[in-house]
Amino acid sequence: MQGGAQAHRCRPRGDPLTGPGKSRGPVRGRFPWGRPMRLSRYFLPVLKENPSEAQIVSHRLMLRAGMIKQQAAGIYSWLPLGLKVLKRIEQIVHEEQARAGHIPLLMPTLQPADLWRESGRYDDYGEEMLRVTDRHKREMLYGPTNEEMITDIFRGNVNSYKDLPLTLYQIQWKFRDEIRPRFGVMRGREFLMKDGYNFDLTKEDALHAYNRHLVSYLRTYERMGLQAIPMRADSGPIGGEDTHEFLVLADTGESEVFYDSEITDLRFGDRAIDYDDPAACRAVLEEFTSRYARTDETHDEAVFNQIPEERRRSARGIEVGQIFYFGTKYSEPMGATVVGPDGARVPVHMGSHGIGVSRLLGAIIEASHDERGIIWPEGVTPFHVGLVNLKQGDASTDSACAAIEAELQARGIEVLYHDRDERAGAKFATMDLIGLPWRITVGPRGLANNVVELTSRRTGESVEMSPQDAVARVAEVYAPVFAQSWPAGR
RNA sequence: CGGGGCGUGGCGCAGCCUGGUAGCGCGACGGUUUUGGGUACCGUAGGCCGGAGGUUCGAAUCCUCUCGCCCCGACCA
């Protein structure tokens, strides 16, 4: 967390109670409108019992951890903890899009019907599109996707091949009136999605954009602690020739998938890659699509059977993203053309790319939890570390916790301090449920020897060390996570 | 949209079949107790039983309609 980290360490030891509230200016990696948080002043309505409507583990845990509240079938309020994770995921998506050179914009949720009549999809889309009429009897719709609108923006403002290539994207709420929403945020009617659109002069350029997106998506998911496997898929109503879906393997996934076990050994990691280098991007695509990996829609038994039997796998997967190349499917009917080098007007080649942002919360939890609750990967955790005071009201533990809290804040590490007057067991249970990856436990016994406990949520392993060392250790753990932010040094 | 199920204090449920004036656990609040894995006890507050209509002296309970939610299937980021 450059900037904030090494900047200054004014340790409010002398006055631990007023220390943590002081503003130290924007610190990277923190929730934009976050501030030091104590559970006694937070809004975290955790449930001890399982709500009866939730059938799958991610839905149950999101409800129990006080992250969401259902307002109607497939429509949710995002409570503070859920919103925090949602924002973290959004931030990672933004950063990786920026890294790939894509430009953010924001389009409205409500769109005029006329635009969709142009593409012919106003009739094609059917019941899944939520249609509304305004006071002037104008027909509108709540956007299920945005190909029409982005094409409209493009055609009105871009005329020359010199303005290409161009990739625009947004992270915006969508609405698809599913017949049967289910599984909490995994299959909501209202959902947050990143949708991006590339505009290129030639098919070759557009395929580079396709490959570039594949690379950026691999990075994006890995930063969230997920392995999402690109699989050849079906294009559905979006249409087009080339498409890959990104799937996270999970028993509760809605898609049946078939793959060569070698595919799961591949990692993108923190490779440096030049997104403007078509060959480099293509090489990554080739690497990650070199093994058999398909959904049931495109599964080919004959090809699958050529894989050595011990490597053949079939499983369930959660779809967390999809990329398409669809050529001139929209640009042609909607007149999105540019003047080429030869002076002739040609329709642009396009593709679109989506990441199910709100769905990712469910996917991450499905992939990372245990019987006690959620286990957040460091990249998306709502708070970096939890602080548990075992004897609230005890002068020594209270002041030690306040000092640790201040020290973590100073290093740009977000801490949730469980300062409520509850028993140790209750505090541990709450912390385990909400899944912060690290916990510092401060009790009178340890404090007598100047030690606190640092516990990993994932492994359950606890190590005793001085408060200073615990803070340093947490900072060390998060250093590589913070280093992935982009642009660096912000 | 076909099939199944459910709506009773914030949450989880019982009561419904065999109508008689609403109960349990958790939670909340107040207190005592306790303090290293959801402590124990005492007390308090909180529900026109999803809604409308009907049958009846009387409806959470029976009947009709309606709204909502969940599960399986077909459909989808």
Side-chain angles (χ1 to χ4, degrees), chain A residues 45-56 59-60 63-64 66 69-75 93 125-129 143-146 171-196 217 228 233-238 243-248 253-255 295 297 317-324 352-363 372-373 388-394 397 418 420-433 439 441-448 451-453 455 460 462 464:
Chain A
V46 298
L47 303 175
K48 215 165 171 179
E49 290 167 277
N50 280 324
S52 59
E53 78 260 26
Q55 296 300 315
I56 66 165
H59 189 194
R60 271 207 303 270
L63 289 167
R64 287 194 52 208
K69 171 167 172 24
Q70 182 173 334
Q71 305 292 167
I75 298 177
V93 173
Y125 226 94
E127 294 281 290
E128 211 171 283
M129 182 189 280
T145 174
N146 283 61
I171 297 178
Q172 176 63 293
W173 292 94
K174 309 286 188 294
F175 196 97
R176 294 185 190 172
D177 200 358
E178 300 278 347
I179 301 167
R180 183 154 92 88
R182 61 183 123 175
F183 303 151
V185 300
M186 297 260 277
R187 177 88 177 271
R189 289 195 291 173
E190 185 183 52
F191 58 97
L192 188 62
M193 177 175 152
K194 173 261 168 180
D195 48 321
Y217 279 24
D234 193 51
S235 64
I238 307 279
T243 179
H244 280 89
E245 281 182 349
F246 289 77
L247 287 112
V248 173
E254 293 194 80
S255 316
T295 65
E297 294 163 340
I318 301 167
E319 194 194 325
V320 293
Q322 188 162 10
I323 53 178
F324 300 90
S352 75
H353 329 88
I355 293 179
V357 174
S358 47
R359 168 179 283 190
L360 273 166
L361 275 89
R372 295 201 304 270
V388 169
N389 184 343
L390 289 178
K391 193 167 184 180
Q392 209 69 45
D394 177 274
T397 59
H418 196 326
R420 301 186 67 141
D421 191 13
E422 288 176 17
R423 287 184 57 97
K427 291 191 178 190
F428 291 148
T430 299
M431 284 298 187
D432 287 347
L433 173 63
R439 186 185 80 210
T441 309
V442 180
R445 264 187 236 161
L447 222 44
V451 295
V452 298
E453 225 172 70
T455 308
S462 267
E464 290 197 334

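Keep in mind that what you see is a predicted model, and the values were worked out from it rather than measured. Chain identifiers are assigned alphabetically (A, B, ...) following the order of the sequence lines, protein sequences preceding nucleic acid strands; residue numbering begins at 1 within each chain.
- Put simply, CZ on A:Arg423 is 15 Å from P on B:rU33, counting in whole angstrom units.
- The pair A:Glu254-A:Arg187 meets the salt-bridge criterion, since a charged nitrogen lies less than 4.0 angstrom from a carboxylate oxygen.
- Note: CD (A:Glu422) to P (B:rA28) measures 8 Å, nearest angstrom.
- Note on A:Gly443: a base of the nucleic acid sits closer than 4.0 angstrom, heavy atoms only.
- Counting non-hydrogen atoms under 4.0 angstrom, A:Ala429 reaches a base of the nucleic acid.
- In this model, no side-chain donor or acceptor of A:Arg182 finds a partner on the base of B:rG73 within 3.5 Å.
- Of the C1' atoms belonging to B:rG5 and B:rC13, the separation is 16 Å, rounded to the nearest Å.
- Defined by atom type and a distance below 3.5 Å, a donor-acceptor pair is present between the side-chain atoms of A:Lys427 and A:Gln392.
- What separates CE of A:Met431 from P of B:rG36 is a distance of 17 Å, to the nearest Å.
- Contact between the side-chain N/O atoms of A:Ser52 and the OP1/OP2 oxygens of B:rC6 is not found at any separation under 4.0 Å.
- Of the possible polar contacts, one joining the A:Tyr217 side chain to the A:Gly354 backbone as a donor-acceptor pair under 3.5 Å is found.
- Atom CG in A:Leu447 sits roughly 15 Å away from atom P in B:rG36 (whole-Å rounding).
- At the heavy-atom level, A:Arg64 lies under 4.0 Å from base atoms of the strands shown.
- Across B:rG38, B:rA74, B:rC70, the shortest atom-to-atom separation from the side chain of A:Ile179 is found for B:rA74.
- Nucleotide B:rU34 forms no Watson-Crick or G-U wobble pair with any nucleotide shown, as no partner meets the under 3.5 Å limit on both distances.
- Spacing between B:rA60 and B:rU8 at atom C1', rounded to whole Å, works out to 7 Å.
- Nearer the 5' end of RNA chain B, as judged by each residue's closest nucleotide, is the contact made by A:Gln392, out of A:Ala73 and A:Gln392.
- Taking the C1' atoms as reference points, B:rG38 lies 44 Å from B:rC1, given to the whole Å.
- Figure legend. B:rU18 is base-paired to no nucleotide; pairs are counted as Watson-Crick or G-U wobble with both atom distances under 3.5 Å.
- Of the candidates B:rG38, B:rC11, B:rG36, B:rG38 carries the atom nearest the A:Ala426 side chain, counting heavy atoms from C-beta on.
- For A:Arg187 against B:rC75, a side-chain N or O and a base N or O form a donor-acceptor pair under 3.5 Å.
- Across all strands, A:Gly460 comes closer than 4.0 Å to no nucleic acid atom at all (heavy-atom distances).
- One cannot find a donor-acceptor pair under 3.5 Å joining the base of B:rG27 and the side-chain atoms of A:Glu49.
- Rounded to an integer number of Å, the gap from A:Glu297 CD to B:rA74 P is 13 Å.
- Nearest heavy atom pair, residue A:Thr455 against residue A:Gly460, reads CG2-O, 3.9 Å.
- Atom name P, nucleotides B:rU39 and B:rG58: the rounded distance is 48 Å, in whole Å.
- Both distances falling under 3.5 Å, in either a Watson-Crick or a G-U wobble arrangement, place B:rG43 opposite B:rC29.
- If you check B:rU64 for Watson-Crick or wobble pairing at under 3.5 angstrom, you find it paired to B:rA52.
- Side-chain proximity of A:Gln70 to B:rC69, B:rG37, B:rG36: nearest is B:rC69.
- Nucleotides B:rC75 and B:rC65 are separated by 32 Å at their P atoms, to the nearest Å.
- A:Arg180 has no side-chain polar atom (N or O) that falls below the 4.0 Å cut-off from OP1 or OP2 of B:rA74.
- The nucleotide B:rG73 finds its pairing partner in B:rC1, both defining distances of the Watson-Crick or G-U wobble pair being shorter than 3.5 Å.
- For A:Gln71, the CD atom counts as densely surrounded, since its 6.0 Å shell holds more than 12 non-hydrogen atoms of other residues, nucleotides or ligands.
- An OP1 or OP2 oxygen of B:rG27 is reached within less than 4.0 angstrom by a side-chain nitrogen or oxygen of A:Lys48.
- Across the protein-nucleic acid pair, A:Gln55 atom CD and B:rG12 atom C1' stand 14 Å apart, rounded to whole Å.
- When the P atom is compared between B:rA22 and B:rG9, the two are found 15 Å apart, to the nearest whole Å.
- Checking side-chain atoms of A:Lys174 against main-chain N and O of A:Leu192 turns up no donor-acceptor pair under 3.5 Å.
- Within the 4.0 angstrom heavy-atom criterion, no nucleotide atom of any strand lies near A:Arg60.
- When heavy atoms are screened at a 4.0 angstrom cut-off, A:Ala54 is found touching no nucleic acid atom at all.
- Per the geometry, CD belonging to A:Glu254 stands 13 Å off C1' belonging to B:rG73, to the nearest Å.
- Projected onto RNA chain B by closest heavy-atom contact, A:Val320 and A:Val46 fall at different nucleotides, the more 5' of which corresponds to A:Val46.
- Under the 3.5 Å distance criterion, the side-chain polar atoms of A:Arg189 are left unmatched by any main-chain donor or acceptor of A:Gly74.
- Looking only at distances, no side-chain donor or acceptor of A:Lys391 sits under 3.5 Å from a matching main-chain atom of A:Ala424.
- Counting any heavy atom pair closer than 4.0 Å across all strands shown, A:Ser358 reaches no nucleic acid atom.
- To the nearest whole angstrom, the two C1' atoms, one in B:rC41 and one in B:rC48, are 34 Å apart.
- When distances run from any side-chain atom of A:Pro51 to the nucleotides B:rG12, B:rC70, B:rG37, the shortest one goes to B:rG12.
- Listed nucleotides: B:rU34, B:rC76, B:rC72. Nearest to the side chain of A:Phe183: B:rC72.
- With rounding to whole Å, A:Arg445 atom CZ is found 6 Å from B:rG36 atom P.
- Proximity note for A:Glu178 (side chain, C-beta onward) versus B:rC69, B:rG36, B:rC76: the nearest is B:rC76.
- Of the candidates B:rC75, B:rG36, B:rC11, the closest approach to any side-chain atom of A:Leu47 belongs to B:rC11.
- Straight-line distance between the P atoms of B:rG4 and B:rC76: roughly 25 Å, to the nearest whole Å.
- In this structure a side-chain-to-backbone donor-acceptor pair under 3.5 Å is present from A:Thr243 to A:Ile323.
- Under 3.5 Å, the side chain of A:Asn50 and the base of B:rG12 form no donor-acceptor pair of N or O atoms.
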